[in-house]
Amino acid sequence: AMAQRVMSDRNRNGVRVVEMSGKTFDINMRSHKVSLIGIVEDGEKRYEIDVMTYVDIPDNSKMQLKLFDGDTITLESAKTKEGYTMVVSPGGMTPVMPFANITAVYPVTPEQLAKISAAGIRRMEIEASYNSRGRSWKKDKLGVFLGKSLDKLEERLKK
């Protein structure tokens with residue numbers, strides 16, 4: 001029902017990166033896509049939560065996940081990646097329009113992912129100096145999504 005799927009599975013220079021599909025929602029009328037990434041390097045697994053948006057997120061941002069059990073998990077961004085999304089008009093007369101996007105990378109431990117999946121996310125806040133923003137949910141949607149993404153990611157990494 002949550003439609004998690006593998007978006008890419010690539011291996012370069014002995015580093016395997018598996019990217020899961022993301023969940024998109026709005027924060028302050030701006031689209032944010034949250035995805036789970038698994039990385040295997042030298043036999044060691046690590047995970048990261050990527051947040052892709054069209055709003056600037058600096059390298060030193062923090063993401064706070066307030067859980068339904070009252071706990072808070074704070075993740076610090078390791079880096080940000082810049083990219084572009086291309087939009088093409090079907091009419092043919094409108095030129096291709098690139099939109100800059102920013103992806104913030106937040107390393108997360110398996111223990112933190114297990115807690116997120118079990119307790120659920122009540123509120124997500126991105127603390128980015130002047131451009132902080134957040135979103136609350138009455139029911140857990142993001143925690144369940146990340147938990148199911150982790151299950152599919154682990155299954156894929158066994159292959």
Side-chain angles (χ1 to χ4, degrees), residues 1-10 17-39 45-89 94-154 156:
M2 301 298 277
Q4 287 86 353
R5 64 185 190 279
V6 175
M7 294 301 294
S8 68
D9 185 347
R10 57 192 182 275
V17 178
V18 178
E19 179 181 357
M20 301 302 294
S21 65
K23 182 165 186 66
T24 303
F25 52 86
D26 286 348
I27 298 177
N28 298 344
M29 297 182 359
R30 298 287 191 257
S31 177
H32 289 68
K33 179 180 166 187
V34 176
S35 305
L36 184 64
I37 312 295
I39 301 160
K45 264 193 278 189
R46 65 181 192 274
Y47 304 94
E48 59 187 43
I49 296 174
D50 285 7
V51 179
M52 195 273 289
T53 185
Y54 303 99
V55 184
D56 187 37
I57 301 176
D59 284 339
N60 58 353
S61 69
K62 292 182 182 181
M63 180 169 55
Q64 280 196 347
L65 303 173
K66 296 181 180 181
L67 307 181
F68 277 98
D69 67 1
D71 284 350
T72 299
I73 295 175
T74 302
L75 305 174
E76 295 188 22
S77 67
K79 61 184 173 189
T80 56
K81 301 181 276 190
E82 294 185 20
Y84 286 92
T85 301
M86 304 302 271
V87 177
V88 180
S89 171
T94 306
V96 174
M97 300 172 58
F99 292 94
N101 63 53
I102 306 292
T103 301
V105 177
Y106 299 95
V108 61
T109 66
E111 295 79 21
Q112 289 170 323
L113 284 170
K115 185 145 182 69
I116 288 167
S117 179
I121 298 172
R122 182 176 52 86
R123 181 165 177 79
M124 180 180 106
E125 293 179 8
I126 297 174
E127 298 177 358
S129 62
Y130 65 90
N131 204 1
S132 297
R133 55 203 175 271
R135 165 102 189 241
S136 295
W137 292 273
K138 291 181 181 177
K139 294 182 181 177
D140 179 38
K141 295 179 182 177
L142 188 55
V144 169
F145 183 85
L146 289 172
K148 290 186 183 278
S149 290
L150 179 61
D151 292 343
K152 285 220 169 172
L153 177 65
E154 291 294 339
R156 181 63 172 245

Discussion item. Evaluate I49 against L36 for side chain to side chain contact (heavy atoms under 4.5 Å, CB included), listing each step before the verdict.
Written reply: CA-CA 5 Å; I49 296 174; L36 184 64; 4.2 Å; yes
Worksheet item: Out of T24, D50, V51, which residue meets the side chain to side chain contact (heavy atoms under 4.5 Å, CB included) rule with V34?
Response: V51
Worksheet item: In Å and rounded to the nearest 0.5 Å, what is the NZ to CH2 distance from K66 to W137?
Response: 12.5 Å
Worksheet item: What are the two closest heavy atoms between G22 and F145, and how far apart are they?
Response: C-CZ, 3.5 Å
Worksheet item: Just by distance, do the side chain of D69 and the backbone of D71 share a donor-acceptor pair under 3.5 Å?
Response: yes
Worksheet item: At their closest point, which heavy atom of P107 faces which heavy atom of E76, and how far apart are they?
Response: CD-O, 3.3 Å
Discussion item. So, taking the atom named CG in D9 and the one named CG in L153, what distance separates them when rounded to the nearest 0.5 Å?
Written reply: 9.0 Å
Worksheet item: Are R46 and E48 within salt-bridge range, i.e. N to O under 4.0 Å?
Response: no
Worksheet item: If you measure from CD on E19 to CZ on R5, what distance do you get to the nearest 0.5 Å?
Response: 11.0 Å
Practice prompt. Report yes if the side chains of R123 and Q64 come closer than 4.5 Å at any heavy-atom pair, otherwise no.
Written response: no
Discussion item. So R133 and I57, do their side chains get closer than 4.5 Å, heavy atoms only?
Written reply: yes
Practice prompt. First locate atom CG of L75, then atom CD of E127, and finally report the distance between them rounded to the nearest 0.5 Å.
Written response: 11.0 Å
Worksheet item: Below 4.5 Å, heavy atoms only, C-beta onward: do S35 and M20 meet side chain to side chain?
Response: no
Worksheet item: Between M63 and M124, is any pair of side-chain heavy atoms under 4.5 Å apart?
Response: yes
Worksheet item: Can you list the steps and then say if T53 with I126 is a side chain to side chain contact (heavy atoms under 4.5 Å, CB included)?
Response: CA-CA 11 Å; T53 185; I126 297 174; over 6 Å; no
Worksheet entry | Nearest-0.5 Å distance, CD1 of residue I37 to OG of residue S149 | 9.5 Å
Worksheet item: Do I121 and L67 touch side chain to side chain, with heavy atoms closer than 4.5 Å?
Response: yes
Worksheet item: Any side-chain heavy atom of V108 within less than 4.5 Å of one from I73?
Response: no
Fill in: Nearest atoms (heavy-atom pairs only) where F68 meets A119
CB-O, 3.3 Å
Worksheet item: Between atom CG of N60 and atom OG of S77, what is the distance when rounded to the nearest 0.5 Å?
Response: 6.5 Å
Fill in: Beyond-backbone contact of S117 with V144, side-chain heavy atoms, under 4.5 angstrom
no
Worksheet item: Is there a side-chain contact between K45 and E154 (heavy atoms, below 4.5 Å)?
Response: yes
Worksheet item: Is the backbone N or O of D26 less than 3.5 Å from a side-chain atom of R135, with the two atoms forming a donor-acceptor pair by type?
Response: yes
Item to complete: Measure the acute angle between the ring planes of H32 and F25, then classify it against the limits of 30° and 60° as parallel, tilted or perpendicular.
Response: parallel
